[in-house]
Amino acid sequence: MNYPYVAEFRRALVEWFESEKRDLPWRHTKDPYKIWVSEVMLQQTRVDTVIPYYNRFMESFPTLELLAEAPQEYLLKHWEGLGYYSRARNLQAGVREVLENYGGIVPDNRHEISKLKGVGPYTAGAILSIAYNKPEHAVDGNVMRVLSRVLEIHEDIALPKTKKIFEAAVEELIDPEHTSSFNQGLMELGALICTPTSPKCLLCPVREYCKAFNGGEPEKLPVKSKKVKMKHLSYDVFVCEDTEGRILMEQRPEKGLLANMWQFPMIEHDEEATLTTQAIFEANYHVHVNKQQELMKFKHVFSHLTWQLNSYHLQSEPSQCGHWFTREQIEMLPMPVPMLKIWETLK
DNA sequence: CACGCGTGGTA
DNA sequence: TTACCAAGCGT
């Protein structure tokens, strides 16, 4: 790699991290299970968002055994609002693998830990370096941004193959005596100093060893291509309440978007089209509707698509078909954010 | 490899 | 408002 300041870079980064690191809940433990949970929650998710979820999760599932035994609906309720719900199912599957195949001890080597569901190259390296002090790379978006600037790497970080370049770089740079602080230091630097826009170079502990800073244009890095094409879908959503106060719910399929989450019945219609007729709803869900009133209309944006939701409150006769719940029971069901919005409005 | 998979914050 | 993100992984 031909980077002349390895020793100085390590020392400056580790010392900065030790003195400036944020006080975060998962930094009070070296329990590999807890580090694992924190790393999964942090995937594509902001620190401030994760903190309350992590704390609540550890109150309910302080050990790997308790998580392994949890009913999936109870687990998903703890993940409700955090997004990427397959992370929760994969985490539980991974924990069960550890109990079955490794005697309840999280593996301390990349080969075995990488076999666990939901543990990819980044998460493996993070657990190994933070919990076990192993000199393993943990390359995420922060690390690629920081090192693209420090080393002036112009490869497109949106391309999967580019990550190999950064993993190789970390393998050379990593401080073998302080693997945890080194890896976390790179990420903390990316989060606090070496930010995507307007990096705070004058506060950076490694600016003297940064090629982009010395070259003058750290904001031009990293190079990142790739645009996302959005799909738009429109639905009518029906909060159908019978004369006994029970409300009709449905569970989403076990694969795909919002898998296994609960929702009020939804019927898709093409853009700008008329609302679903009461007759169509009655036919689809086998209920007799007495009254219908508009609830709220709003847009919900996912990473790769948007929903236009028009919601209605229906009064119906009791029915034997479908899943009907009391208001108290609905509070226990894991629901995605757009359904929670409708629910909060109705209450 | 490209794409599917949530949500809330920010320029 | 649109765009782009923020500690990725599975398929």
Side-chain angles (χ1 to χ4, degrees), chain A residues 17 21-22 24-27 35-54 76 79-91 93-94 113-127 129-130 137-147 156-164 166-167 170 180 183-192 194-198 219 222 224-233 252-261 263 298-307 334-341:
Chain A
F17 177 74
K21 65 184 175 189
R22 290 168 291 179
L24 303 173
W26 47 88
R27 287 181 176 166
I35 302 297
W36 183 4
V37 171
S38 73
E39 290 301 339
V40 171
M41 287 186 170
L42 286 163
Q43 290 168 8
Q44 301 291 281
T45 311
R46 285 184 162 73
V47 165
D48 290 342
T49 304
V50 167
I51 291 172
Y53 283 89
Y54 175 85
L76 283 177
W79 214 272
E80 181 185 79
L82 200 50
Y84 290 136
Y85 299 98
S86 65
R87 291 184 294 175
R89 276 187 303 280
N90 290 338
L91 175 60
I113 202 171
S114 296
K115 292 180 183 171
L116 303 174
K117 256 295 196 299
V119 178
Y122 164 76
T123 304
I127 298 171
S129 62
I130 296 171
H137 59 76
V139 174
D140 68 345
N142 281 315
V143 172
M144 288 197 282
R145 183 175 59 259
V146 169
L147 292 184
D156 181 359
I157 67 168
L159 301 176
K161 64 175 182 181
T162 302
K163 196 164 69 162
K164 294 186 177 68
F166 291 95
E167 288 171 345
V170 171
S180 173
N183 277 344
Q184 291 190 80
L186 282 179
M187 293 186 277
E188 193 82 340
L189 196 62
L192 302 181
C194 197
T195 46
T197 59
S198 41
E219 311 210 23
K224 187 171 186 177
S225 67
K226 201 177 243 179
K227 306 303 172 200
V228 190
K229 45 178 188 274
M230 280 286 225
K231 283 183 193 170
H232 298 264
L233 297 173
R252 296 181 60 82
E254 63 182 47
K255 294 200 177 297
L257 182 66
L258 303 171
N260 288 345
M261 302 291 279
Q263 64 187 12
F298 62 101
K299 183 191 292 186
H300 185 78
V301 180
F302 295 91
S303 50
H304 58 300
L305 58 89
T306 67
W307 282 357
M335 290 191 286
V337 166
M339 295 299 147
L340 292 173
K341 282 182 181 162

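Note that the structure is predicted; figures quoted are calculated from it, not measured. Letters go in sequence order (proteins before strands), and every chain restarts at 1.
Within 4.0 Å (heavy atoms only), Arg22(A) reaches at least one base atom of the nucleic acid. At the heavy-atom level, Thr123(A) lies under 4.0 Å from the strands shown only through sugar-phosphate atoms. Within the 4.0 angstrom heavy-atom criterion, only backbone atoms of the sugar-phosphate kind lie near Gly256(A); the bases stay farther away. Heavy atoms of Arg145(A) sit under 4.0 angstrom from primed sugar atoms or phosphate atoms, though from no base atom. No engagement by Val143(A) is indicated, since no non-hydrogen atom pair under 4.0 Å with the nucleic acid exists. Backbone-only engagement by Asn90(A) is indicated by non-hydrogen atom pairs under 4.0 Å involving sugar-phosphate atoms exclusively. Counting non-hydrogen atoms under 4.0 angstrom, Leu189(A) reaches nothing in the nucleic acid. Across all strands, Lys224(A) comes closer than 4.0 Å only to sugar-phosphate atoms, never to a base (heavy-atom distances).
Here dG10(C) presents its P atom at 7 Å from NZ of Lys117(A), a figure rounded to the nearest Å. Separating the CD1 atom of Ile127(A) from the C1' atom of dG8(C) is a distance of 13 Å, rounded to the nearest angstrom. For Met339(A) and dG6(B), the CE to C1' distance is 14 Å, given to the nearest whole Å. Rounded to whole Å, the distance from CG on Leu159(A) to P on dC1(B) is 8 Å. The distance between atom CG of Leu76(A) and atom P of dG6(B), rounded to the nearest whole Å, is 11 Å. For the pair Met144(A) CE and dA6(C) P, the interatomic distance rounds to 12 Å; values are reported in whole Å. Put simply, CE on Met230(A) is 10 Å from P on dT2(C), counting in whole angstrom units. We find that CG of Leu305(A) is positioned 15 Å from P of dA3(C), with the value rounded to whole Å.
To the nearest 0.5 Å, atom CE of residue Met339(A) and atom CD of residue Gln263(A) are 5.0 Å apart.
Among the nucleotides dA2(B), dC5(C), dC5(B), the one closest to any side-chain atom of Leu257(A) is dC5(B). Relative to the side chain of Lys299(A), the nucleotides dC9(C), dG6(B), dT2(C) differ in distance, and dT2(C) lies closest.
Ring orientation note: the planes of His300(A) and Trp307(A) are tilted relative to one another, at an angle of 30° to 60°.
Scanning DNA chain B for stems, defined as runs of 3 or more consecutive Watson-Crick or G-U wobble pairs whose donor-acceptor distances all fall under 3.5 Å, gives the following ranges: B:2-5 with C:8-11, B:7-11 with C:2-6.
Using P as the reference atom, dA6(C) and dG10(C) are 23 Å apart when rounded to the nearest Å. Across the P atoms, dG6(B) and dT11(C) are found 14 Å apart, a figure rounded to whole Å.
For Lys341(A), the NZ atom counts as densely surrounded, since its 6.0 Å shell holds more than 12 non-hydrogen atoms of other residues, nucleotides or ligands.
Across all their heavy atoms, Ala138(A) and Val143(A) have their closest contact at O-CG2, 3.6 Å. Closest heavy-atom contact between Asn260(A) and Glu254(A): OD1-CA, 3.0 Å.
For Leu42(A) and Lys255(A), each mapped to the nucleotide of DNA chain C holding its nearest heavy atom, the one lying further toward the 5' end belongs to Leu42(A).
Side-chain contact between Leu257(A) and His304(A): present, with at least one pair of heavy atoms (C-beta onward) separated by less than 4.5 Å. With a 4.5 Å cut-off on side-chain heavy atoms, Pro121(A) and Lys163(A) count as touching. In this structure, Val119(A) and Glu39(A) have side chains that are not in contact, with every pair of non-hydrogen atoms separated by 4.5 Å or more. Two residues are said to be in side-chain contact when any heavy atoms from C-beta on lie closer than 4.5 Å; Arg89(A) and Leu76(A) meet this criterion.
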Show the distances under 3.5 angstrom between N or O atoms of the protein and N or O atoms of nucleotides 7-11 of chain B.
unit_1, atom_1, unit_2, atom_2, d
dT7(B), OP1, Tyr85(A), OH, 2.7
dT7(B), OP1, Val337(A), N, 3.0
dT7(B), OP2, His300(A), NE2, 2.9
dG8(B), N2, Arg46(A), NH1, 2.4

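The salt bridge (Lys or Arg N to Asp or Glu O under 4.0 Å) search around Glu167(A) returns none, not counting sequence neighbours.
Across Lys299(A), His232(A), Lys231(A), a single residue satisfies side-chain hydrogen bond (donor to acceptor under 3.5 Å, both in side chains) together with Thr306(A), and that is His232(A).
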